Asker: 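One structure, as structure tokens, below. Some questions next.
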Number of protein chains: 4
Amino acid sequence: MNYQPQPEHKFTFGLWTVGNRGRDPFGDAVRETLTPINAVKMLAEVGAYGVNFHDNDLVPIDATSAERDQIVKDFKQACDDNGIKVPMATVNLFYDPVFRDGAFTANDAKVRSYSIQKTMRAMDLGAEFGAEIFVLWGGREGSETDACRRPDEAIKRLREALNYLCEYNISQGYGYKFAMEAKPNEPRADIYMPTTGAYLGFIETLEHKEMVGVNPEVAHEHMPGLNMTHSVAQAWEAGKLFHIDLNDQVPGRYDQDLRFGSAAPKAAFWLVKFLEDVGYEGSRHFDAHAYRTEDYEGVKDFARGCIRTYLILKEKAQQWNDHPEIQGILSNIRETATNGALASFDGLLSQSFDRKALSSKGLQYEKLDQLTMDILFGVA
Amino acid sequence: MNYQPQPEHKFTFGLWTVGNRGRDPFGDAVRETLTPINAVKMLAEVGAYGVNFHDNDLVPIDATSAERDQIVKDFKQACDDNGIKVPMATVNLFYDPVFRDGAFTANDAKVRSYSIQKTMRAMDLGAEFGAEIFVLWGGREGSETDACRRPDEAIKRLREALNYLCEYNISQGYGYKFAMEAKPNEPRADIYMPTTGAYLGFIETLEHKEMVGVNPEVAHEHMPGLNMTHSVAQAWEAGKLFHIDLNDQVPGRYDQDLRFGSAAPKAAFWLVKFLEDVGYEGSRHFDAHAYRTEDYEGVKDFARGCIRTYLILKEKAQQWNDHPEIQGILSNIRETATNGALASFDGLLSQSFDRKALSSKGLQYEKLDQLTMDILFGVA
Amino acid sequence: MNYQPQPEHKFTFGLWTVGNRGRDPFGDAVRETLTPINAVKMLAEVGAYGVNFHDNDLVPIDATSAERDQIVKDFKQACDDNGIKVPMATVNLFYDPVFRDGAFTANDAKVRSYSIQKTMRAMDLGAEFGAEIFVLWGGREGSETDACRRPDEAIKRLREALNYLCEYNISQGYGYKFAMEAKPNEPRADIYMPTTGAYLGFIETLEHKEMVGVNPEVAHEHMPGLNMTHSVAQAWEAGKLFHIDLNDQVPGRYDQDLRFGSAAPKAAFWLVKFLEDVGYEGSRHFDAHAYRTEDYEGVKDFARGCIRTYLILKEKAQQWNDHPEIQGILSNIRETATNGALASFDGLLSQSFDRKALSSKGLQYEKLDQLTMDILFGVA
Amino acid sequence: MNYQPQPEHKFTFGLWTVGNRGRDPFGDAVRETLTPINAVKMLAEVGAYGVNFHDNDLVPIDATSAERDQIVKDFKQACDDNGIKVPMATVNLFYDPVFRDGAFTANDAKVRSYSIQKTMRAMDLGAEFGAEIFVLWGGREGSETDACRRPDEAIKRLREALNYLCEYNISQGYGYKFAMEAKPNEPRADIYMPTTGAYLGFIETLEHKEMVGVNPEVAHEHMPGLNMTHSVAQAWEAGKLFHIDLNDQVPGRYDQDLRFGSAAPKAAFWLVKFLEDVGYEGSRHFDAHAYRTEDYEGVKDFARGCIRTYLILKEKAQQWNDHPEIQGILSNIRETATNGALASFDGLLSQSFDRKALSSKGLQYEKLDQLTMDILFGVA
């Protein structure tokens, strides 16, 4: 197998991912700035389908209107020249000190208004590139001390902002789908809407809920020790999987954004298998970055590794589906369906069940799982 | 202050809490069995308002119909004699080996049918005692290996069960509200619906969603490191806080079910403050148990401690609300509201914001938080 | 490759592992009792080299002397008949309620004395079977509230017990090496000596420190999110890796004791590679158990899977060592050694270093890691 | 009570703590640079005893010799003018990109040499200020992939560096005690020597082990969910508690460095109680920083809060020691000592113990813990 990316795989990267300079809380940048145009060239070189960006990944926060227009023009040209699409856009509501108390949920109403305005402009920007998905990650929407505001007040403010932005989307005819990205903590002690599940609940309270779905991220679900595939499955089953962020992460620690599949390859396998099995057609977006030990050649190794691992796991997913012993066990598990048991309350209440018999047969899950490991290890 | 419980506080305990015998994965029971009737006496002695139970806390799983009726009669008498209410009932779908692969989501359709039947009977039982809330905790609904079933299939099965049970509730005129209790793991490696947020999303996909809410538990939200008060606030704001399980837990470890407020007293303070501020009127249910080092005198100390800590924190919440310096800072934070900023898209887009000015003023959250600590420490 | 276990691999299992009945905090046993003799037969069938046991895995805590002797005789015969060795013995100081407050560190001096006596008898028992390693896991040595005792007092008591047991070992000429097993929590809220590192420090304070080393367990190092291979490397480098417990575990949750390599296969790879690279010659002991969904055929699948995964990873470790591109990168990394830099203080202080130059070259760790993933996935 | 700091409390702060500008992985600095001299003024204003620093907190990494000398002179004057001591110094081996692969353990021998040289100069600098403790935190000593080096090689390199620095300490007559600071992860995926326990083991392998102890930090022990007081107790009992870093942290997440006692006040209580009970005489060093929402007035609130909470907890520790009911229970727990049980092996083996009797008495730990909560809440 060559594991060559094809357009239909829709592998995308954020400008901020290959452009990450390795700055962290304890150290300075280790790589020179990569211009957006050079990032696009690099992405073409590694075989990516598209690039995504926050407004300020492309246009500096203090750019004049003329500067902005020139940047947009040049970047469009670069995308065209390199055959790179822009399927998703987003807004940076976390880097500037103005967001230190949150953006849509900040106590200062001016900050809230500014955040909405900035998002509208980021929507304008993305629309110019044909982006169809607009991701919202509220990295600063949270608290270190719950003395600062009541958390239900934060939810109301978040709703107000989302309802407003949906209206703007309609008014401009942008046709965006919004994809909400959850994270439990970092950079705030507790971020509101800490899990994909929380957003699935919240979305149902919006005025235009059909326009809003989720963007689950591996690292953000792994941080609190959740099963990413379960989160994705709930979103998918509810028709809300609008986008996905692929990377990797060990539970219970700082946000690592590791190369896809490099920390928890088995979890990555189930995730890829799920996406392929259900026919997910959105972007496979890698929201990760290279180790600080790397130069830009290493960044390419990193980006190629993300793609390669996805394709390896996709192949293994097919192998799993085609594996006779695995499928035999699964058939056997499933053959116990009994139709009609729930036909009537009285009917169900009158049935008798032999608990002992129902408990006595081994379910062969250890065997199923070891066969899965064999496939993962390439020794099946 | 005397911190005496009153009926309006609605302090309740599960039969399984004071009746917990201290059995754990590495050790045997340390306390003799406490009969349900003796448990009720103990609860009256410590000042509880009510008692809750799983079907099999009261009626053994293999009891005959006659045995069941006698047990019910005797237990009702005990409740009446001791002035103890039964506000909530639930069903045990986890102890018997029949549930080793799940209950509503098990692969074996007979197990699924049996689980629904058992729940219907538990609903019948609770209704006899006037319970108005029916809690569902799907402790075995999960997996060790995702080879066993696709997680979206599990969700469909869970929905089928819930829809059916809602119909049964209607058909029998029980008037229950269902309260779904989430937990991320233990006893399964990954439990479906791992957080309160996940349930809030799931509930919206049900046929009778108005009948179903959540039962957040401190320990279950703390295990994955989430902020319990934020979870409760989301549920409350959505009109879904039907019940609550109070206990305590250190993040990132096995389910501890510690005495309320004894591990994370500050988190407990924000939680009590929220419940009191919004006027929550449901049960304050303690789902915790005494250390294994205790005899039944120690169990009483434990139960009294749960109540006492709640009342201490309730008093402190009032003190916080009445504290002039705290309220002064909060007023100051809130005075920055500007009306009308969102009146029109064009109006908002044409505004200019001075990011520097908006970022320069300190927000006094360290002071707010230290004042909160002073109240917590009783030195304000 | 056949991945057939050989005696030199020294694959061992505890009686308590294949004999685990699936009892957990929320559910009852799902498998019938497996007698020690049947466990030995099963271990022979799956290809194990040896069996290890706690005293009460073999001899009930209340057995008479005559019963004990008969059990020992029969079990020896079974081991001989099945070609199974007993390389390690240990003592159960956690199951009986007498240990609810700890064993060697309990506040009640009688409990401490009893615990030491019980350990001496377990040493006698192990010696009868030729065990050379004696593992001590202090599962109940800990606290829920630090009100119960000062933690330094617990350390002194632990030291007193260890010093005494070392003397007993000498006096009886048993020639045991003691291997101390750390765990951070569960079944106590905080266990004293929570990590292998803590024991490495503690051991140095003992009278016969040469007689005492460690028994790191994958699950117990993963629970707090530590890198098992780093812990093992520290123990090995200090000459203290006397035994090892192989299983698997996701960080930040209850003790899972999963099939080796089934949760974190990459971590398992580094661990196996380290053990094989350094020439570790002790037992490869699997301290894990089958899922509750299994019958005893599934338990065999589980046990065979532990062995198989170890051998697969051993083969991959060799492949890694033989991989030209990997070795090329590593040579390149290592060629920068400069001798003599530290020869004198003045010499070192007078050197000048070009930080920029030292920071500019990419280290190719992303490539190294992706090549490792390729080997792990079997696509290198 | 006024909770006024006194010199004997030895409250110290790092220059980097009050000088923290709020830069994090997702956002830029929110506060202007605070010069070292202004930091010292602020520390005097809030009542601190001393200030500690990394070499580059005071002297820029590229300062000339003349610049360095002027800075030292001015800073000494500022310390003298403000009555501020410098009890501890340390070295920054993590900020500059040269350390991206580690310092003492880096693969490039030139980086290792440079790191040692830089540390020697930092020791020179600290000695000029009379610092008696030299802290070493190896923030970059770790790995993202264990492909980069074998972890035992890292340990050998760390030992080589430490042995060398001890010799330098002797040669210069500085009289430093080295205090090693552990951390499990962040900014590396896995840091070598992840816990205080690991360092206690490592130190015993050094040539001048008497010269080397530990500097446990609350946040770093809480991150992996360990009990800080237990770690401190082990260090203290081994004579190795040379320094301590006080702050706060919720387990299982990024390094928070919160105001002392503000996240886990009960854990902080046990820690303060331990330090006061054993008569710890070293610095009480706060290694924390203010929220990003604060200006420098808020930084003062933060610093004053650290001190205030320590003093509140010190008072409560005394109250605990003086509390008749608590002391009564503790006496009762301890009265069960039986002398002579361990006098001889035969004597001990011949004793018989009544397990049932030893297990039947409640230990009153729930009561003890609730009384502790009452003291913590100020309602005892």
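Not measured: the values here are computed from a predicted model. Naming convention: chains lettered A, B, ... in sequence-line order (proteins, then strands); numbering from 1 in each chain.
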Asker: When heavy-atom pairs shorter than 4.5 Å are enumerated against chain A, which of B:K356, B:E144, B:E167 gives the highest number?
Answerer: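 Maximum pair count with chain A is reached by B:E167.
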Asker: Tell me, side chain or backbone of A:I61 under 4.5 Å from chain B's heavy atoms, or both, or neither?
Answerer: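 Both the backbone and the side chain of A:I61 come within 4.5 Å of chain B.
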Asker: Could you go step by step and tell me if A:D96 and B:S359 meet the side chain to side chain contact (heavy atoms under 4.5 Å, CB included) rule?
Answerer: CA-CA 9 Å; A:D96 193 88; B:S359 313; 4.3 Å; yes
Asker: How far does CE of A:M373 sit from OG1 of B:T145, to the nearest 0.5 angstrom?
Answerer: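 So the gap between those two atoms works out to 9.5 Å.
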Asker: For chain A, which candidate among B:K118, B:M223, B:H230, B:E204 shows the most heavy-atom pairs at distances under 4.5 Å?
Answerer: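 Among B:K118, B:M223, B:H230, B:E204, the one with the most close pairs to chain A is B:H230.
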Asker: Heavy-atom distance under 4.5 Å to chain A: side chain of B:S171, backbone, both or neither?
Answerer: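 B:S171 touches chain A through side-chain heavy atoms alone.
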Asker: Tell me, for B:P194 versus chain A, whether the close heavy atoms (under 4.5 Å) come from the side chain, the backbone, both or neither.
Answerer: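 Just its side chain gets close to chain A.
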Asker: Of all of B:L358, B:D277, B:I191, which one pairs up most often with chain A through heavy atoms under 4.5 Å apart?
Answerer: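 Heavy-atom pairs under 4.5 Å are most numerous for B:L358.
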Asker: Can you say whether A:T229 sits under 4.5 Å from chain B via the side chain, the backbone, both, or neither, judging by heavy atoms?
Answerer: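 Both backbone and side chain of A:T229 come within 4.5 Å of chain B.
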Asker: Is B:F353 close to chain A through its backbone or its side chain, or both, or neither, when contacts mean heavy atoms under 4.5 Å?
Answerer: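 The side chain, not the backbone.
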Asker: Whether the side chain of B:Q234 engages the backbone of A:I155 through a donor-acceptor N/O pair (distance < 3.5 Å, no angle test) should be reported.
Answerer: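 No.
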Asker: So which part of B:E160 gets closer than 4.5 Å to some heavy atom of chain A, the side chain, the backbone, both or neither?
Answerer: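 Just its side chain gets close to chain A.
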Asker: Between B:D101 and A:Y365, do the side chains contain an N or O donor and an N or O acceptor separated by less than 3.5 Å?
Answerer: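 The answer is yes; a qualifying pair exists.
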Asker: To the nearest 0.5 Å, how far apart are CD1 in A:I329 and SG in B:C148?
Answerer: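 If we round to the nearest 0.5 Å, A:I329:CD1 and B:C148:SG are 12.5 Å apart.
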Asker: Check whether A:E153 gets within reach of chain B through its side chain, its backbone, both or neither, counting any heavy atom under 4.5 Å.
Answerer: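 Neither; nothing under 4.5 Å.
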Asker: For the residue pair B:Y168 and A:F345, categorise the inter-ring angle as parallel (less than 30°), tilted (30 to 60°) or perpendicular (more than 60°).
Answerer: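 The rings of B:Y168 and A:F345 stand perpendicular, inter-plane angle above 60°.
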Asker: Can A:D354 and B:Y114 be counted as having a side-chain donor-acceptor contact under 3.5 angstrom?
Answerer: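 No.
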Asker: Is there a side-chain contact between B:S113 and A:L342 (heavy atoms, below 4.5 Å)?
Answerer: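 Answer yes - side chains close enough.
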Asker: Could you state the interatomic distance from OG1 (A:T195) to CD (B:E221), rounded to the nearest 0.5 Å?
Answerer: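 Separation between the atoms: 8.5 Å.
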Asker: Below 4.5 Å from any heavy atom of chain A, which atoms of B:F202 appear? Answer side chain, backbone, both or neither.
Answerer: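 Contact with chain A is through both the backbone and side chain of B:F202.
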Asker: Where on A:T196 is there a heavy atom nearer than 4.5 Å to chain B: the side chain, the backbone, both, or neither?
Answerer: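 Looking at A:T196, nothing touches chain B.
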Asker: Do B:R355 and A:D62 meet the salt-bridge criterion of a basic N to acidic O distance under 4.0 Å?
Answerer: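 Here A:D62 pairs with B:R355 in a salt bridge, since their nearest N and O are under 4.0 Å apart.
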Asker: Do any N or O atoms from the side chain of A:R150 and from the backbone of B:F274 form a donor-acceptor pair under 3.5 angstrom?
Answerer: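 It does not hold such a pair.
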Asker: Given heavy-atom pairs under 4.5 angstrom as the criterion, report whether the side chain, backbone, both or neither of B:D369 touches chain A.
Answerer: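 For B:D369, the contact with chain A is made by backbone and side chain together.
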Asker: Select one option (side chain, backbone, both, neither) describing which atoms of A:M193 are under 4.5 Å from chain B's heavy atoms.
Answerer: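 Answer is side chain: those atoms of A:M193 sit under 4.5 Å from chain B.
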Asker: Between A:R100 and B:L363, is the side chain to side chain contact (heavy atoms under 4.5 Å, CB included) condition met? List the steps.
Answerer: CA-CA 10 Å; A:R100 75 218 144 115; B:L363 298 178; 4.2 Å; yes
Asker: Does A:Q117 use its side chain to pair, donor to acceptor, with the backbone of B:L348 at less than 3.5 Å?
Answerer: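 Side chain of A:Q117 to backbone of B:L348, a donor-acceptor pair under 3.5 Å: yes, one is there.
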Asker: Out of A:A147, A:A233, A:G201, A:P224, which one racks up the most heavy-atom pairs below 4.5 Å with chain B?
Answerer: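 Result: the option with the highest number of such pairs is A:A147.
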Asker: Quick one: does B:R121's side chain have a donor or acceptor within less than 3.5 Å of a partner on A:L349's backbone?
Answerer: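 Yes.
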Asker: Give a yes-or-no answer on whether the side chains of B:D146 and A:N227 include a donor-acceptor pair shorter than 3.5 Å.
Answerer: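 Yes, A:N227 and B:D146 have a side-chain donor paired with an acceptor closer than 3.5 Å.
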Asker: Look at B:L226, B:T205, B:T372 and state which one has the largest set of heavy-atom pairs under 4.5 Å with chain A.
Answerer: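 Ranked by heavy-atom pairs under 4.5 Å with chain A, first place is B:L226.
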Asker: Between A:E237 and B:R159, is there a side-chain N and carboxylate O pair less than 4.0 Å apart?
Answerer: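 Result for this pair is yes, salt bridge flagged.
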